[in-house]
Structures are given as structure tokens and as C-alpha cells.
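Have a look at the structure below before the remarks.
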Amino acid sequence: MGATSGLYFDDYSPVGDILVVALCAVMIILLAASYVNKTKAFRLFITMIVLLFMGAITDLIYHDAYLRITNGNYTLIYVLRVFYHAFLFSLLFLFVLYVIELQRHVISVRVPVILLSSIIYLTVIGTDIITTINGTGFKLKADGTEISGINIFLVGYLAFVVLLVILMIVFRNRLFKRVMVGFYGTMAMSFLVLYNQGRHGQSSFTAATFLFPMFAMLYFIHSTPYDVELGAIDAKALNDMVRYNYDRKSQLIFMSLYLPDFDSEGKTIPAEMQAVIRRFASSFFNGGILFQINNGHVILMAKKIYNPDYENKVNKLINAFYDEYERFKYDYKIVVGESIDEISRKNEYVSFINNIHRNMEMNSIHMVEYDDVTQFNRYEYILEELGDIYRRHDLRDSRVLAYCQPVFNIKKQKYDTAEALMRLKLPETGLVFPDQFIPLAEEHGYIHVLTEIILQKTCDEIRHLLSEGYEVKRISINVSTLELRDESFIDDIERIIKESGIPDNKVAIEITESQSESDFLIMKKTINALKDRGIKFYLDDFGTGYSNMERIMEIPFDIIKFDRSLVIASDSNEKSEKMVESLADMFSKLDYSVLYEGVENASDEERCIRMSASYLQGYKYSRPVPIIELQNFFSKIDS
Ligand code: C2E
Ligand code: CA
Ligand code: CA
């Protein structure tokens, strides 16, 4: 190679550039096969690959031309040489832009650095063109011998390297440390190769050294690994896909599959089901991308333009799913829809879909409509208000209302207890019922503050009723199992009651059975501590969950609240009535009082009394009323 020319090009072999061309192609293949976030940095990166590819090819042609041109007309060689360097320097320039783009929040350095890079770039290329034309730079003699002349490239190259190193040092704490180490490591390899090729009088691998940091970029910044089994990628990438397509006004379609059985830490969708999802994701939609949101939740997104007949496809997919469902029978919720600008703009598909899940039946398919957006906005608004209530921590916050439902005491034939029930009253929505905010408050850790507010308002009213001479045995408040985990729970309850100046035993707490062993132990401890102060405890919603008698007995409850479902069941046939009656008898014999919830009519009432009731609660007596109206039900002590 190059034996004929004898001089300058003897130390060049095309292997380096051939390798660069091939590896650039490899990178492009890998990027096409993987999912990438099409950020600005990514577009810079792709441009850099193309520039390097072009640079290496130009270098190959340039050296080839050198060998072939023997007539002394070297113009083509000069031009190619300038182009080769222009490609590499453009690449260096983009390197700088890229580093800045990664740090885009540090705007202040942007302008001076870009200015400086532009000056270096223009100086190098300008000088090269001028010196080539006026003959003071690189020149080939008629016999093919080379005169290097003024070599501006080395200076320009060093200037860029220094600039990049300074930027890396300035931003050293901006990227995750291991990523930085990765970049430094690959750059060190570049210098090692440059040093060695210099030692051997070589120039074949110059372009190759540009590749190393690009591999680091590909590896650390632009690769989004698939879950190899499921074929899904991380949920984080969903936001990028939504933003990218929203910016380009490109409609997306989405299908969300939620399998609640697997939606908890440490669980995964079983392998066979994963295979089904993988197959569905790739065979029904063109260019569909599967995102793994949670262990039991995946969302498939695809561009609408690639799937114009998507409604058809959705139907096919759903039919195929039903066939599979026969085999697996896992509970599911499926949501299907097209992208909606309002949700795309805020990039909130996951919470949007989660909100739909809250309102839909298990094992059903929901087609998104505009109504869902209205619902979602309402949900977001409520959540915002809850957050505000939480942060203000004003125990007399006027947005939280205490309603009360009086409870009929059968033995005394009057109302002397009641249950406090929460409502929200928000400026934009009016009255909001518990099913629309309690689960939210629990999910976001706001529930305890709400309990404190209800307790405060209940204590205020108890004090008021007592001072007016009403006979109030107690009022119960509802407490969520989650709250008990809070270490300050006991103190908070005690403090609020104490500061209200009412006796502790005027307040009772309703709580439902806990599912987990650890919650059960916490509950036992908490209840025992508060019982010592005279606070009574109700087991709420008995008959709805998996009642574990052993556990129930271990906690000193005073009253068992039989859920309305038992009242309804007891009406269906004699056997059911006997069953409910036996349960109630058993509790009575064990010294618990039995309260029936949801007593709606005279027939319910009669049956409940027959079934060992001590207390009755339900619409038959009263709907929940604002707490100040409770005095209409309670009687004065002297009457
Ligand atoms: P719950 O504790 O079982 O409360 C009884 C629910 O049944 C109340 O619904 C009440 O209005 C309703 N109800 C009362 N009588 C009848 C009847 O005769 N028939 C029928 N069908 N329903 C009746 P509400 O007020 O909507 O509360 C729903 C749930 O929200 C409550 O169920 C409770 O779990 C929760 N909740 C309410 N207030 C609070 C609170 O302050 N804190 C907590 N943690 N949860 C609360
Ligand atoms: Ca209750
Ligand atoms: Ca209940």
C-alpha cells in the first residue's frame, strides 16, 4: 500500500477508516433496532455518526486519489483533504454542542462556548483553504512529494480537545459519576491510540479515535434497554415518546393492560403471559412500542399514521386476548384510546390511565372518551386541594366537612351515638364524597391530616353538644389502616382530644381489618395504647373482607359493625339469615355489641333486631347530615 509514492502516505493504511465506516453503520443498525428517546442530544449524536462516516469515507477516497493521480493535477486531492478535515472539525464542533446540550440547564456558558468553538472552527477551515490556495500550506510537488507547510489542524485539534476537557471538568459533577468515569475512560483510550500511532509514524486510526467517546454516548445516554423477555422498555421512555410526538403533532394510539395480581413489588407477569404480551405487541400494531409501567402494568403505544385501521386491529387484538384469557384467567383491566392533546401536553398518560382504572370494573375494556379527561381533571384538582390541605395543616380547614350519621341505640330506644363521615367542599366542585378522595388521600399520604381535621371538628361539636346539655355517649370517626403506621398517630389523637377539653371516652375509632401481618401487629399495639385512655374501637365493614376471627379476637374491639352486605344477604333466604344471626350471637356472647349498617327500611330493622342487634344505622333513621344538625337527633339529659 502506497509503495509507489514512497513518502508521506506510507504510514497510512485504510484499515482504520474501513473499520470506522463499518462501526458507524453498526451503531446506526443498533439504534434503529432499539428504542431511543429522540431528544435534541440524540439528533446531534446521529449527525455526529454521519459526519464521522463521511469523514472516514472522504479520507479513504483522498488517499486513494493520491495513489491514482499521477498527472500532477492535485486539485481533487486538495479539495478532498479540506473536506476530510472539515468533517472531523464539524464533528468536534458538535461534540461541544452535545456536551452543552446534556447540561442545558446551565445556560450561562452556552453562548461564550459556542462562540469560541465557532471561532476555532472557522479559523482552522479558513486558514486551510487560504493556505492551500496561496501555496503556504499543504502542497504536493510535481513528483508527488508532500510539503506539509503551515499545519493548522494540529493546533485546532488541540484547541478543541482542551475546550472539551475544560467542559468535562466544569461539568464533572453534573453527570452521574460512573457515567463520567465511562467517558474519561474511553477518552483515555483515544489518547492511547493516538499516542501509539504517533510513535509508529502512523495516521490510519485518527478517525477511529473519534469513535470511542461515541460508543460511550451510545451506551450511557442513547440506549434504552428492552426487558428481553417481555420486550418492554422502561416507563421513563414513555414520556419522551409522548413529548416527541406531541411536538410534531403526531397522533398516538395506546392500549394499556393492567394485571392487578402482579402489581406489587417482587412480582412479575408469568413467563407464558409475557410471551403472549410480547407476541401481541409485535404482531398487531406497526411500530408499536411496549412500555413497562409497573410489574403488572404495560402500555403499548404506536403512531396512528402507521396504523390507520387501528380500530380494526384493536378489535382483533381484543378477540385474541379473550382466547388467551380462557387459558390464564388473570384479572385484568384494559384501556384503549388515542392520544389527547390535553394529556399529552402534561405528559400524564400513566396517571390518566390509573385514574380510569379506579373507576372501571375488573375484567373489562374501556375505550377512552372525552369524559375521562373531565374526570381526570377533576381528580387532579381534588388531589391538588388535598395537597394544599395537607401542607397547611389547619385542623379547622373549612374545605373538610364533618357530616354525621346518627346511630339508633335499641336498648335505650334513642340516638346517643353517631358516626362522623367526611366530605370535601371545594370551590370548583362543590361537595365531594369519600369514594372520590379517600383512596387518593391514602395513596399520597394525605389521609392522616384529614383524620386529624375530622377529629378536631368532631371534638368541637361534642364539646358544644355537652355544653348545651345533650346526652352524647360518643361519636366515632373513621381511621385508615395506613395511618397507624405513622409513629405520631397515638400522640396526635390524644393531643387533639385533650386540647378540646372533652373526656377521652366521648370519641371512638372505626377501623377495618388489616390484610398484612405487620399492619395487624401495629394495629394491635395502637389500639391497646388508646384503649387505656378510654377510647372505644369499632371493627368496621365486618363481612366484606376475609374475616380472620383469630385476629379479630386478639384486638379488644367494643363494637362489631356488620356491613350492609350482610343486612342484604340476610334478606335473601332463611339460611343466610340464620348465618348472620349466628355470627351476631357469637359476638354478643363474647361481649361485643353488634351494629348493623345500611338499615334502609322497616323490614331491615325488624330483621336486624331479631339478629341480636344493639345498634342500628342507616337511611331508615337518617342520611349523614352536617355535624351541627346532630342536635336534632340527640336528647337533652334532663328530658
Ligand atoms: P363506612 O365507614 O362504611 O361508612 C358508611 C357509609 O355508608 C357512608 O358512606 C354512609 O353514607 C353510607 N350509608 C349509611 N347508611 C346507609 C344506608 O342505609 N344505605 C346505604 N346504601 N348506605 C348507607 P359515605 O359517607 O359515602 O362513606 C363511604 C366510606 O368512606 C365510609 O364507609 C368510609 O370507609 C369512608 N370514609 C368516610 N369518612 C371517612 C373518614 O373521615 N376517614 C376515613 N378514613 N374514611 C372515611
Ligand atoms: Ca365507618
Ligand atoms: Ca362500614
Side-chain angles (χ1 to χ4, degrees), residues 358 382 386 389-390 395 397 399-408 415 417-425 431-459 461 474-486 489 492-493 496 507-514 523 536-545 547 557-571 594-605 607-608 613 615-627 629-630 633:
R358 251 189 284 277
I382 293 173
L386 284 174
I389 291 168
Y390 171 79
L395 297 193
D397 197 310
R399 289 168 289 185
V400 182
L401 305 185
Y403 270 55
C404 253
Q405 191 173 31
V407 173
F408 189 69
Y415 302 99
T417 62
E419 173 180 12
L421 292 161
M422 195 179 335
R423 308 284 181 259
L424 291 184
K425 194 177 171 202
L431 215 55
V432 186
F433 286 84
D435 58 317
Q436 299 200 19
F437 69 85
I438 299 278
L440 285 190
E442 286 183 341
E443 265 168 48
H444 292 83
Y446 302 145
I447 188 73
H448 182 54
V449 177
L450 297 179
T451 302
E452 287 184 294
I453 297 174
I454 289 297
L455 178 59
Q456 179 67 60
K457 295 193 170 184
T458 303
C459 289
E461 183 58 19
R474 64 182 166 262
I475 296 179
S476 56
I477 63 161
N478 289 281
V479 161
S480 153
T481 319
L482 296 174
E483 288 176 67
L484 303 183
R485 296 183 195 158
D486 196 332
F489 181 81
D492 292 341
I493 301 289
I496 294 169
V507 173
I509 290 177
E510 299 193 3
I511 196 146
T512 56
E513 261 180 282
S514 67
M523 186 186 285
K536 291 225 184 312
F537 279 86
Y538 294 28
L539 175 66
D540 205 353
D541 298 342
F542 176 75
T544 54
S547 299
F557 287 113
D558 301 281
I559 292 178
I560 310 294
K561 295 189 81 165
F562 277 41
D563 188 74
R564 170 162 165 75
S565 57
L566 292 181
V567 177
I568 294 170
S570 67
D571 194 23
V594 172
L595 183 158
Y596 284 96
E597 284 190 282
V599 178
E600 291 192 350
N601 48 48
S603 134
D604 284 347
E605 176 180 69
R607 217 168 46 257
C608 290
Y615 297 96
L616 300 172
Q617 179 182 352
Y619 296 162
K620 159 107 191 7
Y621 311 99
S622 168
R623 295 203 166 241
V625 295
I627 197 164
E629 291 176 27
L630 210 49
F633 296 88

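Below, each value reflects all heavy atoms present in this structure, side chains not excepted, and no hydrogens, waters or symmetry copies. Both ligands and their constituent atoms are indexed starting at 1 by order of listing. What you are looking at is a predicted structure, and each value in this text was computed from that prediction instead of being measured.
Nearest to atom 40 (C) of ligand 1 among the protein's heavy atoms is Met422 CE, 3.3 Å. Nearest to atom 29 (C) of ligand 1 among the protein's heavy atoms is Pro434 CB, 4.2 Å. Of the protein's non-hydrogen atoms, Glu600 OE2, 2.6 Å is the one closest to atom 19 (N) of ligand 1.
Taking the six-membered ring for Trp and the full ring otherwise, the centers of Phe557 and Phe537 sit at least 6.0 Å from each other.
When the Ca ion (ligand 2) is compared with the N/O/S atoms of Glu419, atom OE2 turns out nearest. Nearest N, O or S atom of Asp540 to the Ca ion (ligand 2): atom OD2. Shortest distance from the Ca ion (ligand 3) to Asp541 is reached at OD1 (N/O/S atoms only).
The proximity of Asn478 to ligand 1, defined as any non-hydrogen pair under 4.0 Å, involves the side chain as well as the backbone. Contacts of Glu419 with ligand 1, taken as heavy-atom pairs under 4.0 Å, involve the side chain alone. Of all the heavy atoms of Thr512, none lies under 4.0 Å from any atom of ligand 1, so neither backbone nor side chain is involved. Residue contacts with ligand 1, taken as heavy atom pairs separated by less than 4.0 Å, do not involve Lys561 at all. Under 4.0 angstrom from ligand 1, the non-hydrogen atoms of Gln405 all belong to its side chain. Using a 4.0 Å cut-off between heavy atoms, Thr451 makes no contact with ligand 1 at all. In Gln617, neither the side chain nor the backbone holds a heavy atom less than 4.0 Å from any atom of ligand 1.
Put simply, no part of Ile477 is less than 4.0 Å from ligand 1, judged by heavy atoms. Residue Arg623 places every heavy atom at 4.0 Å or more from ligand 1.
In summary, Glu510 places no N/O/S atom under 3.0 Å from the Ca ion (ligand 3), failing the contact criterion. Taking backbone and side chain together, Tyr538 holds no N, O or S atom under 3.0 Å from the Ca ion (ligand 2).
When distances from atom 37 (C) of ligand 1 to the protein are checked, a heavy atom turns up under 4.0 Å. In this structure, atom 22 (N) of ligand 1 has a protein heavy-atom contact shorter than 4.0 Å.
The distance from ligand 1 to the heavy atoms of Val599 drops below 4.0 Å at these ligand atoms: 18 (O).
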